[in-house]
Amino acid sequence: MARIAPLSGFPEWLPDGRVVEQHVLDTLRRTFELHGFAGIETRAVEPLEQLLRKGETSKEVYVLRRLQADPEADEAGDKQLGLHFDLTVPFARYVLENAGKLAFPFKRYQIQKVWRGERPQDGRFREFVQADIDVVGAGELPYHFEVELPLVMAEALGALRGIGLPPVRVLVNNRKVAEGFYRGVGLEDVEGVLRQVDKLDKVGPDAVAELLQAEQGATPEQAKACLELAAISGEDVSVVDRVRELATAYGAVTDLLETGLAELRALVAAAAERAPGVVVADLKIARGLDYYTGSVYETVLVGHEQLGSICSGGRYDTLASDGKNTYPGVGLSIGVSRVVSRLLSAELVRATRGVPSAVVVAVVDEDQRAASDAVAAALRGRGIPVEVAPTAAKFGKQIRYADRRGIPYVWFPGAVGEDGVRGPDQVKDIRSGEQTPADAATWEPPAEDRWPRVIPADA
RNA sequence: GUGGCUAUAGCUCAGUCGGUAGAGCGCCUGGUUGUGGUCCAGGAGGUCGCCGGUUCAAGCCCGGUUAGCCACCCCA
């Protein structure tokens, strides 16, 4: 028998999970718009060569082809399409394509699915939703956007605290600091060093020290310096002084380092004021991607650090370039699916119901279905989500129909008396059992019952 | 892509020394006269992932395969 089984890495939620996801999406979108970001959507595909420009992700790209494509023809390859694996590459292409029509600096948000042919795991998917914000400038982009963007994300995620999302911690670092320091101590393969330092949480400092020596040719002294830098973290500007002291001790003070430290200081100082306790400077944050040139960000859910980063990004001096013009940018991306999957699997949140209906209108018998339809229409006309019972089963079954779906109210159309006149309708709150006469032209459910809500699971 | 673990009812899982399948939950029906949840009584539902091998006999042992989970890699 052809077993129906979920496809690993392609998550699908039940209706009440979708209510949660939709709430998250709505909340993020509202926050982005409050900060003036314009929404765009790009196509799902990009030319393969465009997607592969960013490096070693090639194996992860899903290629698109027609079932009947001529196998000879696709040898040509330059017209091959792939599903985008992030929203930054499509955005960069979009900026170049529409540069003449956009006003810079351009702030946009983009919430879409992306695809990566990775091995799925808890919180890691092959098809998932990202919510990105980026600011892109023409030619130049003021540093203050590197301060603003992580704070917008912190606010967006903070807006989800009410439904039970754990607090977040935005870890920040600056590429110029890392690069300036590493070069200052004589390590030229900045990329390689970053990659090893990035493993710190997983393998520990001793292993990283060995890797630095074995893989990057570092001296024990250089390795020690890298680890001491990585150990520095803090919420206030004193981290900057500590980095400078360390660099001085190793004779590693460079202009690049000083530039980076000034930037990092500005970010930490602003964050301490605008979002105290949320942004933490952490000098071990590396981010493997090579195109970051300034601030880099990673965000964890407090208590769920094992889940990995739920929101990352950074500054790119060259987000896009057409040869003549360069467009620097800074942006972050929330892994919406990762967040939602954890909210659901760890039972941090729940939806009050999985269907929109606040009311089920009972059907007395099929001959009187029209009366129930009329009640439903009257309620809907006033914006109350309603459905009519699917069958004229015993009332006990119709109540159970509502109960199973979490629908709080059952409406009983008045019985037709011997005089042929319909008696008064009644509405029952099936949670309390309370049943009262009601008029479809005026009855209102309490506001909290009107639509499904997302609430902390323990509420 | 590499490695480890797993696959039995809709779900979560038991299944001993190989002897042709069980529980809990869920679902359906009933417990008169149109009002659910609790309780009671009944009931439906499984080619034991798939293919092959060993054996008188395989859910159990062996090989393969597919899928899922986890770790690595990388990343949201």
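What separates CG of D132(A) from C1' of C75(B) is a distance of 14 Å, to the nearest Å. Taking atom CD of Q196(A) as the reference point, atom C1' of C74(B) lies 14 Å away to the nearest angstrom. What separates OH of Y297(A) from C1' of A76(B) is a distance of 17 Å, to the nearest Å. For the pair F85(A) CZ and C75(B) C1', the computed distance is 11 Å after rounding to whole Å. Taking atom CG of residue L332(A) and atom P of nucleotide A76(B), one finds them 10 Å apart after rounding to whole Å. Distance D86(A) CG to A76(B) C1': 10 Å, rounded to the nearest Å. As a whole-Å value, the separation of E60(A) CD from C74(B) P is 11 Å. Residue K199(A) contributes atom NZ, which lies 11 Å from atom P of C72(B) at whole-angstrom precision.
Using modelled atom types and a 3.5 Å distance limit, the side chains of S295(A) and E263(A) yield no donor-acceptor pair. No hydrogens or angles considered: nothing links the side chains of Q121(A) and R119(A) as a donor-acceptor pair under 3.5 Å. Under 3.5 Å, the side chains of E155(A) and H35(A) contain a donor-acceptor pair of N or O atoms.
The partner of C72(B) is G1(B), judged by Watson-Crick or G-U wobble contacts that both fall below 3.5 Å. Pairing of A9(B), defined by two Watson-Crick or G-U wobble distances under 3.5 Å, is not identified with any nucleotide. The partner of A44(B), taking Watson-Crick or G-U wobble pairs whose two distances both stay under 3.5 Å, does not exist in any strand shown. A 3.5 Å limit on both hydrogen-bonding distances identifies no Watson-Crick or G-U partner for U20(B). Look at G37(B): it lacks any Watson-Crick or wobble partner with both distances under 3.5 angstrom. In this entry U55(B) has no Watson-Crick or G-U wobble partner, no candidate having both defining distances under 3.5 Å.
A ring pair (Phe, Tyr, Trp, His ring centres under 6.0 Å) with F395(A) holds for exactly one of Y401(A), W411(A), F412(A); it is F412(A). Across L141(A), L102(A), L319(A), a single residue satisfies side chain to side chain contact (heavy atoms under 4.5 Å, CB included) together with V136(A), and that is L319(A).
Dashed line: the shortest gap from a side-chain N or O of R119(A) to OP1 or OP2 of A71(B) is not under 4.0 Å. For C69(B), one of the phosphate oxygens OP1 or OP2 lies less than 4.0 angstrom from a side-chain nitrogen or oxygen of S8(A).
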Checklist entry - In the 5'-to-3' direction, what one-character label does each nucleotide of nucleotides 30-36 of chain B receive under the scheme B = base within less than 4.0 Å of a protein heavy atom, S = sugar-phosphate only, - = no such atom? => result ---SBBB
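A donor-acceptor contact under 3.5 Å is not formed by the side chain of R124(A) with the base of A76(B). On a pure distance criterion of 3.5 Å, a polar donor-acceptor pair joins the side chain of E118(A) and the base of A76(B).
The backbone N or O of A209(A) sits less than 3.5 Å from a side-chain atom of Q213(A), completing a donor-acceptor pair. Judged by distance alone, with hydrogens and angles left aside, the side-chain atoms of R450(A) form no donor-acceptor pair with the main-chain N or O of E444(A) at under 3.5 Å. In this structure a side-chain-to-backbone donor-acceptor pair under 3.5 Å is present from R380(A) to V386(A).
Look at the C1' atom in both C62(B) and G18(B): the space between them is 13 Å, to the nearest Å. Comparing A44(B) with A23(B), their P atoms are spaced 12 Å from each other, to the whole Å. Taking the C1' atoms as reference points, U20(B) lies 25 Å from G24(B), given to the whole Å. Annotation: U65(B) and A9(B) have their P atoms spaced 24 Å apart (nearest Å). Taking atom C1' in both C73(B) and U12(B), the straight-line distance is 33 Å, to the nearest Å. Nucleotides C56(B) and C11(B) place their P atoms 37 Å apart, quoted to the nearest Å. C25(B) and A21(B): their P atoms are spaced 23 Å apart (whole Å). Rounded to a whole angstrom, the distance from the P atom of U66(B) to that of A14(B) is 26 Å.
Residue R404(A) is the one, among G9(A) and R404(A), whose nearest nucleotide of RNA chain B lies closer to the 5' end (criterion: closest heavy atom).
For an aromatic pair to be called close, the ring centres must be under 6.0 Å apart, and F125(A) with F10(A) fails this.
No contact: Y401(A) has no heavy atom under 4.0 Å from any strand.
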